[in-house]
Amino acid sequence: MVKTKSQRKALFSCFFVILLLSGCASSPIELTNKEPPAPGEGIIFGRVQLVENGKEKTLSFLGESKFGLFIMPGDSSESMYVPLEGEGSFAWRLPAGGYTIASFDWRASSTLAGPVYARFKVAEGRATYIGTLSITFAGYRYVLDVLDDESAAAKHVLAEFPGLSGTISKDLMHMEKRR
């Protein structure tokens with residue numbers, strides 16, 4: 001039982017910090033309901049796979065994301081940070097248009113970050129599979145690739161979002177060549 005004014009104030013402060021942090025942890029583009037896209041929107045889905053020393057890595061530890069992507073809409077210079085968890089599967093509701101996965105951030109035993117430059121399109125009224133972004137590490141160097149595992153990804157998304165049945169298409173993300 002909280003007895004003093006200072007104890008109540010401390011409890012309220014802790015509650016406020018937890019509320020603030022949980023709000024900051026959410027992403028504006030995470031798919032939050034299991035309904036088909038609204039007019040002007042589409043859904044993209046896929047996966048990010050991290051490989052280090054020949055082994056696939058999980059993207060979270062004790063329920064906390066250790067990996068995220070920076071996504072830029074169209075030709076905008078402003079990006080959104082999207083944390084990923086578990087085995088890296090994602091499904092995002094976005095306004096229709098073109099997007100770029102600009103970079104990644106992985107906070108494992110040390111922080112690794114780097115450019116990606118993968119472009120994808122969100123088609124209005126559709127769920128589009130954009131592929132598996134594979135990032136294979138060799139020390140601090142990494143190799144990017146786009147893999148096609150559509151059948152497994154589509155089964156996963158339809159199990160999660162049955163309302164998407166009949167709206168799924170495939171348009172794999174394209175890696176931009178950079179020097």
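Along the sequence shown, residues are numbered consecutively beginning with 1.
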Starting at [atom1] of [X], measure out to [atom2] of [Y] and round the result to the nearest 0.5 Å.
X: Phe45; Y: Ile168; atom1: CZ; atom2: CD1; answer: 4.5 Å
X: Tyr99; Y: Ser76; atom1: OH; atom2: OG; answer: 10.0 Å
X: Thr111; Y: Lys66; atom1: OG1; atom2: NZ; answer: 9.5 Å
X: Glu150; Y: Ser169; atom1: CD; atom2: OG; answer: 8.5 Å
X: Ile130; Y: Ile43; atom1: CD1; atom2: CD1; answer: 12.5 Å
X: Glu176; Y: Leu144; atom1: CD; atom2: CG; answer: 12.5 Å

*Do Arg119 and Thr100 meet the criterion of a side-chain donor-acceptor pair at a distance under 3.5 Å?*
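Distance-only check passes for Arg119 and Thr100.
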To check you understand the geometry: which heavy-atom pair defines the closest contact between [X] and [Y], and what is its length?
X: Met173; Y: Ala118; value: SD-CB, 3.8 Å
X: Tyr129; Y: Ala153; value: CE1-CB, 3.4 Å
X: Ser134; Y: Leu147; value: CB-CD1, 3.8 Å
X: Ser79; Y: Met72; value: CB-CG, 3.5 Å
X: Ala123; Y: Ala96; value: C-CB, 4.5 Å

*Should Leu69 and Ile71 be marked as a side-chain contact (heavy atoms from CB on, under 4.5 Å) after you check the CA-CA gap, both sets of side-chain angles, and the distance that decides it?*
CA-CA 6 Å; Leu69 297 174; Ile71 312 289; 4.0 Å; yes
Student check: side-chain heavy atoms of [X] and [Y] closer than 4.5 Å:
X: Asp105; Y: Tyr81; value: yes
X: Phe120; Y: Thr128; value: no
X: Thr132; Y: Val146; value: no
X: Leu50; Y: Phe137; value: yes
X: Val116; Y: Leu133; value: yes
X: Phe67; Y: Phe104; value: yes
X: Asp148; Y: Lys170; value: yes
X: Trp106; Y: Glu52; value: yes

*Please answer whether the main-chain N or O of Gly86 pairs with a side-chain N or O of Thr58 as donor and acceptor at a distance below 3.5 Å.*
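Yes, because the side chain of Thr58 sits within donor-acceptor range (under 3.5 Å) of the backbone of Gly86.
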*Is there a donor-acceptor contact under 3.5 Å from the side chain of Glu124 to the main chain of Gly40?*
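Yes: the side chain of Glu124 pairs with the backbone of Gly40.
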*Under the side-chain contact (heavy atoms from CB on, under 4.5 Å) criterion, do Lys121 and Asp171 qualify, and how do the steps go?*
CA-CA 8 Å; Lys121 293 178 185 166; Asp171 187 7; 4.2 Å; yes
*Check Glu56, Lys57, Glu87 against Gln49 for a side-chain hydrogen bond (donor to acceptor under 3.5 Å, both in side chains) and give me the one that passes.*
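The residue from Glu56, Lys57, Glu87 that satisfies side-chain hydrogen bond (donor to acceptor under 3.5 Å, both in side chains) with Gln49 turns out to be Glu56.
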*ILVMFWY cluster, Val51 and Leu84 together (side-chain gap under 4.5 Å)*: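 Cluster IDs for Val51 and Leu84 differ.
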*asked:* Taking the ring of Phe90 and the ring of Trp92, is the distance between their centroids below 6.0 Å?
replied: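 When the ring centroids of Trp92 and Phe90 are compared, they turn out to be within the sub-6.0 Å range.
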